[in-house]
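Reading through the structure tokens given below for one structure.
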Amino acid sequence: MDAFVGLLSISLPAASGMVLTALVMVLTPGPNMMYLVTRSIGQGRRAGLVSLAGTGVGFVVYMLMANLGLAVVFVAVPWLFIGVKAAGVVYLAHLAWQALRPGGRGVFEVADLPRDSSARLFSMGLVTNLLNPKAAIMYLTLIPQFIDPNRGHHFAQGLTLGTLQITVSMIVNASLIVGAATVAGFLTRSPRWAIWQRRVTGTLLGCVAVVLAREVPARARV
């Protein structure tokens with residue numbers, strides 16, 4: 001009922017803005033994307049989809065925490081948020097280096113991974129998302145921007161906006177999982193394409209890391 005009330009409470013511009021923002025966020029390279037692609041390529045599409053289910057549950061946890069006011073710890077303890085953000089920068093820089101270094105691997109290149117059980121795949125997808133700074137940023141800073149106090153039903157609005165974000169994320173990531181193995185197979189048969197893919201991916205990851213790194217000192221001075 002709350003979700004239905006929230007659907008009636010949010011405006012079309014708010015819903016459109018949330019969908020667009022969620023799309024930009026999910027297309028930005030991050031821990032979720034890397035984990036899901038790796039699992040899909042290394043262990044098959046089913047493993048990727050099971051991992052995605054865990055990721056989806058992680059989004060639901062964040063959505064409920066944010067709407068109940070529990071996730072405010074990242075705002076109340078700013079140094080914790082800064083630490084998480086800095087860790088994300090280091091992680092992206094590491095991924096960029098792995099792709100650009102001589103003999104490195106790209107995001108879509110096949111890697112030998114242990115074949116984990118469905119339970120472990122699900123739990124790792126869940127943990128990866130819960131430790132993902134982008135998820136915290138989404139629910140703590142972006143979603144509230146689309147809540148209209150004049151429309152009332154704040155909790156219902158938050159649930160509806162969060163549901164839109166989760167839907168966009170699940171659809172995009174599922175498409176990525178389904179296509180990852182195909183792209184990986186093509187790159188395996190075309191070594192020169194694999195090299196250029198690795199260079200482009202590594203460069204983009206490095207650019208993202210640089211942009212985020214410039215934001216960390218600014219955030220620390222706030």
Side-chain angles (χ1 to χ4, degrees), residues 22-66 70-71 73-74 80-81 83-99 104-140 143 162-163 165-185 187-188 197-198 201-202 204-205 208-209 212:
L23 183 61
V24 172
M25 291 289 287
V26 74
L27 291 177
T28 303
N32 285 348
M33 179 185 293
M34 302 305 169
Y35 177 73
L36 294 173
V37 168
T38 299
R39 278 304 171 192
S40 179
I41 294 175
Q43 198 170 333
R45 293 175 180 174
R46 180 182 179 279
L49 292 174
V50 172
S51 301
L52 178 59
T55 299
V57 172
F59 277 129
V60 172
V61 171
Y62 261 122
M63 179 178 67
L64 294 176
M65 288 177 62
L70 298 179
V73 65
F74 282 99
L80 178 60
F81 176 79
V84 171
K85 194 173 183 66
V89 171
V90 173
Y91 181 73
L92 287 175
H94 170 73
L95 291 175
W97 167 245
Q98 290 299 313
R105 290 184 178 274
V107 176
F108 288 95
E109 292 184 60
V110 178
D112 294 326
L113 294 174
R115 298 187 66 83
D116 292 324
S117 65
S118 295
R120 179 168 176 77
L121 290 170
F122 181 90
S123 62
M124 286 300 296
L126 172 62
V127 171
T128 299
N129 198 21
L130 290 178
L131 297 179
N132 182 6
K134 287 203 309 182
I137 294 171
M138 171 69 74
Y139 287 101
L140 289 173
I143 288 182
T163 300
Q165 179 271 321
I166 293 173
T167 301
V168 171
S169 179
M170 297 295 281
I171 291 175
V172 172
N173 280 317
S175 301
L176 184 63
I177 288 169
V178 171
T182 301
V183 175
L187 293 176
T188 300
Q197 177 273 332
R198 181 161 52 84
T201 302
L204 290 175
L205 288 171
V208 173
L212 292 179

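Only a predicted model underlies this, so the values are computations on that prediction, with no experimental measurement involved.
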Is a side-chain donor or acceptor of Ser123 paired with a backbone partner of Arg120 at a separation under 3.5 angstrom?
-> yes

State the CG-CG distance between Leu121 and Leu49, to the nearest 0.5 angstrom.
-> 11.0 Å

With no hydrogens and no angle check, is any side-chain donor or acceptor of Ser40 less than 3.5 Å from a backbone partner on Ile177?
-> yes

State the OG-CG distance between Ser51 and Asn32, to the nearest 0.5 angstrom.
-> 10.5 Å

Heavy-atom pair with the smallest gap, counting every atom of Met170 and Gly56 | SD-CA, 3.7 Å

Decide yes or no for Asn129 and Tyr35: does some side-chain heavy atom of the first lie under 4.5 Å from some side-chain heavy atom of the second?
-> no

What pair of heavy atoms forms the shortest contact from Ala47 to Arg39, and how long is it?
-> CB-O, 4.1 Å

Where do Gly125 and Thr55 come nearest, in terms of heavy atoms and distance?
-> O-OG1, 3.5 Å

Residues Leu23 and Val26: closest non-hydrogen pair is O-CG1, 3.2 Å

Minimal heavy-atom distance between Leu176 and Met33, with the atoms involved, is CD2-CG, 3.6 Å

Minimal non-hydrogen separation, Leu130 against Gly58, with atom names = CD2-O, 3.9 Å

